[in-house]
> 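Input: one structure, supplied below.
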Amino acid sequence: DGTSDTLTTGETTHKYNAPGEFLATLTIINGNGCTATITNMVTRSACIVAAIIAAESLLCQNYDLSFTDLSTCDGTITQWNWNFGDGTPALNYGTYQPSVIHTFLNPGPYTISLKVSTQVGTSAISDSTTLQILVKPTPLAGFSVNPVCLGVKAEFNDTTISSGASSLYFLWEFDDEGRNDTSSLSNPSYLYSNPGLYKPVLIVKNQYGCADTTITDLMVNALPDAAYANSLACVGQKTYFFDASQSYIASLADWGWHVTDSITSIGNMTGDAPSYVFDSTGIYMVMLTVSDSNGCSDTIIQKIEVNPSPLSAFSYTDNVDNIQGQVQFTNGSIGATEYYWNFGNGDVSYDPSPQITYSDDGTYNVILVSVSEQGCHDTALISYDMMFKGLYVPNALAPGGPIQSTRFWKPVGVNLATYLAEVYNSDGMLLWFSKLLDVKGAPVEVWDGTYNEKLCQQDIYVWKIQAIFRDGSVWYNQDVGEHKGLSESVYGTITLIR
């Protein structure tokens, strides 16, 4: 290596500063000055030592464990080979790393081996070492919790796998900021103060000190806001209820109504717009409970005052003042202060007892709505049949007269169902008769004052008429047909003027 020593003894030591192969030469000189020389090859190996330690004092299953490489070499280590003894593939690398990380999936004793190598000339020099470790079991933390509604405690159910440990210690953090939100129970419950998404954490530790942590999402659903309105409540009439509740994210799904008289339950309703009939006045309590699709609910109770209802009633008198179609309505309502009449012909009135005149035949539905001071109402209805009916009989004719309408004798009527008109002379001889009516029930034919196409002489003649109106009433000369059941003929005279 370029250095030499001269000694007076027969042996020596020498340190090579680097590994390699060296030709060492020994020359011996005796007292006579004679010399002898020998040369041998000396191979200087690199001084390499494999060494490892565990970085942590607590070795736990499922932890990332660190192992420190303390190997030394006078030269340069060129290869590292780790075997962790748990069946996983060996770890090999050629660039120095101060430590390696490994996770043991099962507890138990393991033998870790490290082999380090260096290159000396054409030869590889290696050293190996082992480390005995004991991996402690680690619990596998887990829990379940269902979404809850605000105001309901969340129930936490521990599902941790102990992995063989005999004792477990729990620490819960419920993620409710600003509150004392921890627990050491295995299955705690917790009441959250506000709705929202929370991330509760569970830390589980065993008697060895090995621990695991898990986190999950928990939704605390807000409650719907129950509210409703109702129509005026009146005895014996439907009171309508209208849901006015506000949902929170989830849609409303169910409505339950409960009615009490402050002491006794008297009825229930369902749906978002039900109705209820109160059978007596008083103050009632109506409770609405609304639930959304998350199952969260809210309840509201309101007082409902039930008012008395009026009673609508009326009668009528027709043909007032002997005028057909003129009807007087008489109000007999009780407990009302306002009135609304609908006569079925387009006319209305707000008078208590109005009088109207119908101008056309027909059946009219007459409605009276009476309204109390509180606004409760009641309705009465009567169907009124109106038929204009009449029969006018002239008492003279002048066949040759200057006025066209008096040149013949023709009864004028309306709404006749059957009709028989006869004209007789003073001797009782039948000169003319007619039964014919048009679609309006009016007589069609006329007597022109002749018999067998010969003009009759000027005289007084007798007419006889039998007539029944379409409503079954019998005509009785000048009245309005109110004498039902009559069947005798009506008589009169005709003066024929020539």
Side-chain angles (χ1 to χ4, degrees), residues 145-155 176 189-198 217-312 335-340 342 367-381:
V145 61
N146 294 321
V148 295
C149 301
L150 185 65
V152 177
K153 285 186 175 182
E155 302 291 340
D176 196 1
S189 61
Y190 185 78
L191 182 64
Y192 284 87
S193 56
N194 294 291
L197 180 64
Y198 293 87
D217 290 342
L218 169 62
M219 178 58 74
V220 177
N221 296 300
L223 306 181
D225 184 14
Y228 70 87
N230 61 275
S231 64
L232 180 68
C234 302
V235 172
Q237 298 179 10
K238 286 185 178 180
T239 301
Y240 294 92
F241 294 86
F242 309 98
D243 174 56
S245 303
Q246 298 296 316
S247 60
Y248 183 86
I249 300 178
S251 59
L252 299 179
D254 187 67
W255 297 261
W257 305 78
H258 187 62
V259 184
T260 68
D261 60 3
S262 299
I263 299 176
T264 307
S265 174
I266 61 173
N268 296 286
M269 302 176 287
T270 59
D272 60 347
S275 62
Y276 190 81
V277 178
F278 295 92
D279 58 6
S280 60
T281 59
I283 302 297
Y284 296 83
M285 308 300 293
V286 177
M287 179 176 69
L288 166 63
T289 300
V290 293
S291 301
D292 61 22
S293 57
N294 286 329
C296 299
S297 62
D298 189 33
T299 296
I300 184 173
I301 300 176
Q302 294 182 169
K303 292 181 179 180
I304 304 297
E305 181 177 2
V306 179
N307 300 288
S309 294
L311 177 63
S312 289
T337 58
E338 298 178 22
Y339 308 94
Y340 170 78
N342 187 318
I367 299 173
L368 168 61
V369 179
S370 58
V371 184
S372 69
E373 183 178 359
Q374 295 82 10
C376 296
H377 65 275
D378 187 35
T379 300
L381 181 147

> Kindly compute the distance separating CD (Glu305) from SG (Cys234), expressed to the nearest 0.5 Å.
10.5 Å
> Quick one: pull up CE in Met285 and CD1 in Ile263 and give me the separation to the nearest 0.5 Å.
12.0 Å
> Between Val306 and Tyr284, does the side-chain contact (heavy atoms from CB on, under 4.5 Å) criterion hold? Intermediate values first, please.
CA-CA 8 Å; Val306 179; Tyr284 296 83; 3.4 Å; yes
> Might you confirm whether atom CD of Gln302 has over 12 heavy atoms from other residues, nucleotides or ligands at distances under 6.0 Å?
yes
> Run the side-chain contact (heavy atoms from CB on, under 4.5 Å) check on Val369 and Ser312 step by step: do they pass?
CA-CA 7 Å; Val369 179; Ser312 289; 5.8 Å; no
> What closest approach, in Å, do Lys153 and Val148 show between heavy atoms, and which atom pair accounts for it?
O-CG1, 3.9 Å
> Flag yes if more than 12 heavy atoms outside Glu373 fall under 6.0 Å of its CD atom; otherwise flag no.
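No, because the 6.0 Å sphere around CD of Glu373 holds 12 heavy atoms or fewer from other groups.
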> So Trp257 and Tyr228, ring-ring contact (aromatic ring centres under 6.0 Å, His included) or not? Walk me through it.
CA-CA 11 Å; Trp257 305 78; Tyr228 70 87; 5.1 Å; yes
> Checking Tyr339 now: which residues fulfil ring pair (Phe, Tyr, Trp, His ring centres under 6.0 Å) with it, not counting sequence neighbours?
none
> Do you know the tightest heavy-atom contact between Pro310 and Ala336?
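For Pro310 versus Ala336, the nearest heavy atoms are CB-CB, 4.0 Å.
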> Determine whether Asp292 and Pro224 make a side-chain contact, defined as any pair of heavy atoms from C-beta on separated by less than 4.5 Å.
yes
> If you compare all heavy atoms of Asn221 against all heavy atoms of Cys296, which two are closest, and at what distance to 0.1 Å?
CB-SG, 3.5 Å
> Indicate whether the side chain of Thr289 and that of Thr299 have a donor and an acceptor atom separated by less than 3.5 Å.
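Their side chains do contain a donor-acceptor pair, which is all the 3.5 Å distance test asks for.
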> Atom OG of Ser370 and atom CG of Asp378: how far apart are they, to the nearest 0.5 Å?
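With rounding to 0.5 Å, OG (Ser370) is 5.0 Å from CG (Asp378).
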> Please give me the minimum heavy-atom distance between Glu155 and Val145, naming the atom from each residue.
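Looking at all heavy atoms of both residues, the shortest contact is O-CG2, 3.5 Å.
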> Quick one: pull up CG in Asn146 and CG in Leu218 and give me the separation to the nearest 0.5 Å.
9.0 Å
> Can you name the nearest heavy-atom pair linking His258 to Ser265, along with the distance?
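Of all heavy-atom pairs spanning His258 and Ser265, the closest is CE1-OG, 2.6 Å.
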> Counting distance only, does the side-chain N/O of Ser291 pair as donor-acceptor with the main-chain N or O of Ser297 below 3.5 Å?
no
> Is there a side-chain contact (heavy atoms from CB on, under 4.5 Å) between Ile266 and Tyr276? Walk through the geometry before answering.
CA-CA 11 Å; Ile266 61 173; Tyr276 190 81; 3.7 Å; yes
> Please list, chain by chain and in numerical order, all residues satisfying ring pair (Phe, Tyr, Trp, His ring centres under 6.0 Å) with Trp255, sequence neighbours excluded.
none
> When you look at Leu232 and Asn307, which way does the side-chain contact (heavy atoms from CB on, under 4.5 Å) test go after all the steps?
CA-CA 8 Å; Leu232 180 68; Asn307 300 288; 3.5 Å; yes
> How long is the gap from CG on Asp217 to OH on Tyr198, to the nearest 0.5 Å?
13.0 Å
> Side chains of Leu150 and Pro195: closer than 4.5 Å at any heavy-atom pair?
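When only atoms from C-beta onward are counted, Pro195 and Leu150 do touch, with a gap below 4.5 Å.
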> Can you check whether Leu288 reaches Ser245 side chain to side chain, under 4.5 Å on heavy atoms?
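Side chain of Leu288 against side chain of Ser245, heavy atoms only: contact under 4.5 Å found.
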> For the CG atom of Asn294 and the CD1 atom of Ile249, what is their distance to the nearest 0.5 Å?
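If we round to the nearest 0.5 Å, Asn294:CG and Ile249:CD1 are 8.0 Å apart.
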> Heavy-atom distance under 4.5 Å between the side chains of Ile304 and Asn230, does that happen here?
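SC-SC contact between Ile304 and Asn230 confirmed.
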> Would you indicate whether the side-chain heavy atoms of Asp298 and Tyr248 approach each other to under 4.5 Å?
no
> Could you report the tightest heavy-atom contact between Gly151 and Leu191, atom names first, then the distance?
C-CD1, 3.5 Å
> Suppose we screen for ring pair (Phe, Tyr, Trp, His ring centres under 6.0 Å). Which residues come up paired with Phe242, at least two apart in sequence or across chains?
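For Phe242 there are no ring pair (Phe, Tyr, Trp, His ring centres under 6.0 Å) partners, ignoring immediate neighbours.
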> Measuring only between side-chain heavy atoms, which start at C-beta, is Phe278 closer than 4.5 Å to Val235?
no
> So do the side chains of Thr239 and Val286 get within less than 4.5 Å of each other, counting heavy atoms only?
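SC-SC contact between Thr239 and Val286 ruled out.
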